[in-house]
Amino acid sequence: MSTAVIATKLFLPLTGQNAVSRMRLVKRLQDGVDSGHKLTLVSAPAGFGKTTLLSEWLASAQRSEPGVGVAWLSLDEGDNDPSRFLTYLVAALEGAVSQQRPASLADQGAPPMSVEASVTALLNVIAQAAHRVILVLDDLQLINVAPPALTFLLDHLPSNLHVAIASRSDPSLPLARMRGRGELTELRAVDLRFTSEEAAAFLNQVSGLELAEEDIAALETRTEGWIAGLQLAALSMRDRSDIPGFIKAFTGSHRFVIDYLGEEVLQTQPDDIRTFLSQTAFLNHLSGPLCDAVTGRTDSAQVLETLERENLFVVPLDDQRQWYRYHHLFADVLRARSLKNDPERVPTLHRLASGWHEHNDLPEDAVRHALAAADFERAAGLIERAVPVMRRRRQDTTLLAWLKLLPDEVAAGRPVLSVYYAWSMLVSGELDAAERRLDHAERALGLTDDGGEPAFESEGGEELRTLPVMIPVYRASLAQARGDVAGTAIHARHALEAAQPGDHFAHGAAAGFLGMALWASGELEPAVRTFADARTSLGLAFNTADVLGSTLVLADMLIVQGRRREARRAYVQSLQLATAQGEPVLQSTADLHMGISELDREQNELEAAAEHLQTSKALGEQASLPENRHRWFVAMSRIQEAEGDLDAALDMLDEAERLYLRGLLPETRPIAAMKARIWIKQGKLAEAHAWADGQGLSATDALSYLREFDHITLARLLIAQQRASEHSADQHRAENAHLVVDEALGLLERLLDAAEAGTRTGSANEILALKALAHQAIGQTALALAPLARALAQSEPEGYVRLYSDEGVPMAALLQEAAKQKISPDYVRLLRSTFRPAEATSPVPHADMEALSERELQVLTLLSTELSGPQIARELFVSLNTLRSHTSHIFVKLAVNSRTAAIRRAREQGLL
Amino acid sequence: MSEPHAPGSVSDNRYEIRIQGHLDVHWDDWFEGLTVTNYADGTTTLSGVVIDQAGLHGLLGKIGGLGLTLISVNAMNSDHPM
C-alpha cells in the first residue's frame, strides 16, 4: 500500500549532476567521524545545501569504505508522533545493517512495544556489525521536541554508529556539552556558503555561461554566498542575452533574493507550467498520477521530469522518478503566491488531493488535506475509517491530534469517533473529558430522523456494531478509574446485558470488568466465577492475548482466596498456550513467569523463583504488559526479603514505585504499604508510623477490601510497637503498650470476620498468623496457639511456607511450641527447617551511622570494578538515582568525595 | 499598561518583526495577514497581531524557513499603535 511513500522517507537523495563538488566540507565531515565524534550537526537556514552536502559525503564514504552502512531518514511533521518516528528510525537502521530495501518493515503495522527495548535490540545488532553505520536525520527542525528514541539513541551510541543531523534550527540536544567534550562535528551557514571559487564554478556550470570575474563577485556579494540565491540567479541568466544588465538590476535591488529571482524564473516559464506549479505547490509529495488528479492534466509525470531536468524546484525522492517534492524554499514561495493569487481555489485543490490519497490507500495524507481544506465532515469520515489501522500501529498521538482539529459538533455527531475519543481521554487520565465523549456517543446513537432511521454519521462496520457494549464497558472502566466500585459493577452489568449471544468478545470484556469490580469490592467468590467466565468468552473469541493477559488477574484473585495450587495451574496452562503460539513471544509471557516466581517464593523455592524472574527479564520488556512492569521488582523484593537483604528489598520497591502505572486493576497491595512492612522488619518504626499517619490509618477504621492490605500492615506495626516497648525498661510505656496490642487484636478480629465473609482465605491465613504473633508478643503463648493452629490447617494443603518463615524469630518460637503440642506435626517440622540460622540471634538492626549497610557494601564492591554508573545500576536493577543516593551515603560514611577516594578508603579499612 | 484590557483581548500580542531585504506584497497572506512594509534602508517589517506565543514562534519558523535574515522582534504596546 503506502510502501512507495514510506520508501521515499528513507531514500538517500541522489547526488546531482550539476552540483559543485564540495570536497573541503566532505573531508571535514569524514574527519569528524574518523576522529570518533559522536554527532555531526549541519545547522543552517534553508537553501544552504545541507541535504546535498550530506548525500555527497555518504556517497564518498561508501566509495572509500565499501560495506559502510548508510541510513537516511527524511523527517516530516508527522514524525512528531513518537511511534511513527520510532518505526521509521528502526526501519532506516535495519536497512543500514541488512543492506536490503527496508521499506517492507515500516509497513508491517505493529511497531515495537517500547522505545528502549526496540532501540536497544537494534543497537546491539549494529554494535556487532563488522562495519561502520552512519545515520542521517534530515530536516530535524520539523520535529518540535527531540523524541525519546533519539535522546536514548544518542545516550547509547555504539562506537561504530555515527549520527548526522541536518536542521534549519539547532535541535534541543546538549550541544554545548558535546562541543566542550569534542564530541561534535559542526557545520554552520558560514561554512556552507559558497566560496568565490565554488560560486564561479556553480554559476558557469548551471547557466552554461562564462561569467566575468566581477559579475561573479557581485552576485556572490548580493546573495552572500547563499546557494539557493545563486542557483536562481544562474537559472535566470540561462536564456538571457543581456547578462550585465540583469546583474546590475539584481544587485542594485533591495528585494528579497527569492522574490526577485523567483519571479524572474517563473516569468520565463510557459503559462501552463506556472499554473501547474501553483496548483501543486500544496502537496508534500508529488507523483504523476497525484498531480494529474489535482491539476486535471494527463501529462504530469512528464512535467515533473522536465522540471527536474531543468533544475527547477523539484527534488526526486526515489530512483524510479515516481515521487518528487518541491525544494522547501520554493514550495513556500509557490504556496504564498498561490494563496495570494487564487485563495478560493486552495480548498478545492486540497479536496482533490485528499480524494486521490484516499483512493490510493494513503489515509494519513487524505486526512491532512481534508483538514487543510476545512472539510471537516470528510476528514471525520476518513479518520473514522483509519482508526482501526492507526490503533494497530499505535499512532494514537496522530489520531488524537486530528480529533482535536475537528470542531466539537462534527466529532460529537459520530458515535464511533466519540467512543475512540473517550478511550484516548481515558488512557491519558482525562476522566471528565472521557465521560463527555461517551455522552456524545450515546446521544448520537439515539438520534433518528423523521422516518425513524438512525441520523448519525458513521462508516458502519464492526466498530459501530460493538458500540452498545463498548460504551458501558468504557463507563465501567471510567468508574473503576475513579475508584467507584459500585458504578463499575452497574456499568459492567449493562454491558453484559447489551452483549449479543455469541458475541464472545463483548461478553468477555463486560464480564471481565464485572469480575474486577467484584474483586475490588472484596467479593472474591463471585469475582473469580465471573472472571473465569470472561476468560472463557475471550478464548471463544480467539483473543489469545487477552486470555494470557488476564491470567495474572485471575491468579491474584485465587491467591487472595488462598487457592495457590489453582493459581499455579492457571499460570502453567497459559504458559503452554503461549508456547504453542510459537514465535513471536506473546505479550504477557514474561508476566506469567513472574507470577510463577511469586508462587515459588511462597513455597520457599527461592532459586526457582529467581530463575523464573530471570527468564521473565530475558524475554524483554515487550513480553510484559505495561501495568505489570512494576511487579517484577515487587517479586524480586520479596525474594531479597526472604534472603534477609532488606536494603535491597527496599531498593526494589522504590523501582516498583517508579514504574507503577495506575491501570484498570484495583490496587489491592499498595507498594507504600509493602515498604512500611520492610521498615517494620528493620525496626524503623518511626518511618512506618509516618506512613500510617500519611494514610490516615487507625485500628478503628471502617473496613473495606481495598484497604485490607494497609490495615493488616497497621496491625503488624502495632505488634512491632508492642515488642519494642516490651524491650524497653520504662514500665509506664509498657503499660500503655498493652493497649497497643489490644488495638491490634481488635483490628485483626474484625479483619478476620471481613475476610471470611468475602471467602478471602488467603487474607485470613495471614491475619490468623498475626493474631498468634500479637498474643505471643505479650507472652500469651497458649492463646497464640489457637489461631496458629487454624492458619496451619488451612495453609498446609496450599503449600504456604514464607507466610511463616518471613516472620523470623517470634514465629520460630511459636512453631517450636506448636511442635511440642503436636499441631500439624509434619508441616510444622517442614516450616521450622526453613528459618535461617541468623534468625536464632536477635534481628533488631541497630543502625550504626558509620557502618555501611549490606547494600552499600555491594555497591562499594561494584564501584571498585571497571563498570560505569549506568552499568552498576543495571547490575543491581536500580535506577541511576537510587544508585547515586547509595553512593552519596557511602561517600558520607567514608568521609570522601570521589569514587577513587572511596575505594582507597575502603581498602584501607579492609572493607574491600 | 495604562488601561485594563477586556478579557480575551489580543491587543497585547501586537508585534513588529524586522527582516533584511524587501518582501513582495504577496507574502502578507502567507504571514497570517501581517502588514508587510518595506523601508528605504533595505529592511522590511511584518507587523500586526499574533494570536499567542505559539503563533509567534510559528511565524519566526516561517521566516527562518525562507532563509530570511531576522533583525529584530518587538512587542508593541497597544496604547501606542504603529
Side-chain angles (χ1 to χ4, degrees), chain A residues 43-50 77 139 141-144 167-170 189 192-193 222-232 250-264 266 278 281-282 327-344 346, chain B residues 7-10 12-76 82:
Chain A
S43 186
F48 270 100
K50 298 183 290 294
E77 283 92 350
D139 280 328
Q141 79 278 350
L142 294 174
I143 301 198
N144 303 326
S167 183
R168 281 187 218 163
S169 54
D170 283 0
L192 291 166
R193 65 177 36 135
R222 172 69 166 95
T223 58
E224 298 180 66
W226 189 31
I227 298 171
L230 287 167
Q231 179 175 18
L232 279 179
F250 172 48
T251 54
S253 158
H254 277 311
R255 256 173 97 193
F256 176 40
V257 174
I258 297 292
D259 277 347
Y260 190 102
L261 297 176
E263 187 146 314
E264 291 286 324
L266 283 175
S278 109
F282 292 91
H327 190 286
H328 299 310
L329 198 57
F330 303 123
D332 282 358
V333 174
L334 295 171
R335 286 172 195 179
R337 294 179 76 95
S338 174
L339 208 58
K340 186 71 183 178
N341 297 337
D342 202 356
E344 288 79 35
V346 172
Chain B
S9 160
V10 289
D12 281 335
N13 298 324
R14 183 167 282 279
Y15 284 91
E16 186 188 83
I17 299 166
R18 191 173 291 270
I19 53 181
Q20 187 65 51
H22 284 170
L23 274 191
D24 286 0
V25 282
H26 67 249
W27 288 103
D28 57 2
D29 282 345
W30 181 249
F31 287 116
E32 319 277 333
L34 294 191
T35 308
V36 176
T37 314
N38 292 329
Y39 290 83
D41 64 355
T43 65
T44 298
T45 58
L46 301 169
S47 56
V49 170
V50 176
I51 180 161
D52 56 13
Q53 282 293 304
L56 179 62
H57 283 290
L59 200 57
L60 296 178
K62 279 187 175 178
I63 290 169
L66 284 171
L68 287 163
T69 303
L70 186 63
I71 298 174
S72 67
V73 181
N74 288 314
M76 308 306 282
M82 288 159 283

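Scope of the values below: all heavy atoms of this structure, side chains included, with no hydrogens, waters or symmetry mates. Not measured: the values here are computed from a predicted model. Below, read A as the first sequence line, B as the second, and so on, with proteins coming before strands; counting in each chain starts at 1.
With sequence neighbours left out, A:Asp170 forms a side-chain contact (heavy atoms from CB on, under 4.5 Å) with A:Leu41, A:Ser43, A:Leu175, A:Arg179, A:Arg188. In this structure, the ring-ring contact (aromatic ring centres under 6.0 Å, His included) partners of B:His22, at least two apart in sequence or on a different chain, are A:His254.
Interface residue A:Arg168: only side-chain heavy atoms are found under 4.5 Å from chain B. The part of A:Glu263 that comes within reach of chain B is its side chain, from C-beta onward, which places non-hydrogen atoms under 4.5 angstrom from that chain. Contacts between A:Val257 and chain B at a heavy-atom distance below 4.5 Å are absent for every atom of the residue. With a threshold of 4.5 angstrom between heavy atoms, B:Asn38 does not approach chain A through any atom at all.
A:Lys340 places a side-chain heavy atom less than 4.5 Å from the side chain of B:Asp28. Residues B:Trp27 and A:Asp259 have side chains in contact (heavy-atom distance under 4.5 Å, counting atoms from C-beta outward).
Contacts from residues 65-74 of chain B to chain A, taken as heavy-atom pairs separated by less than 4.5 Å, involve B:Gly65, B:Leu66, B:Gly67, B:Leu68 in sequence order. Within residues 39-46 of chain B, the residues having any heavy atom under 4.5 Å from a heavy atom of chain A are, by residue number, B:Ala40, B:Asp41, B:Gly42.
Residue A:Ser338 holds its OG atom at 10.5 Å from CG of B:Asp29, rounded to the nearest 0.5 Å.
At a threshold of 4.0 Å, the pair B:Lys62-A:Asp332 does not count as salt-bridged, since none of the basic side-chain nitrogens sits closer than that to a carboxylate oxygen.
Taking every heavy atom of both residues into account, A:Pro45 and B:Gly64 meet most closely at CB-O, 4.3 Å.
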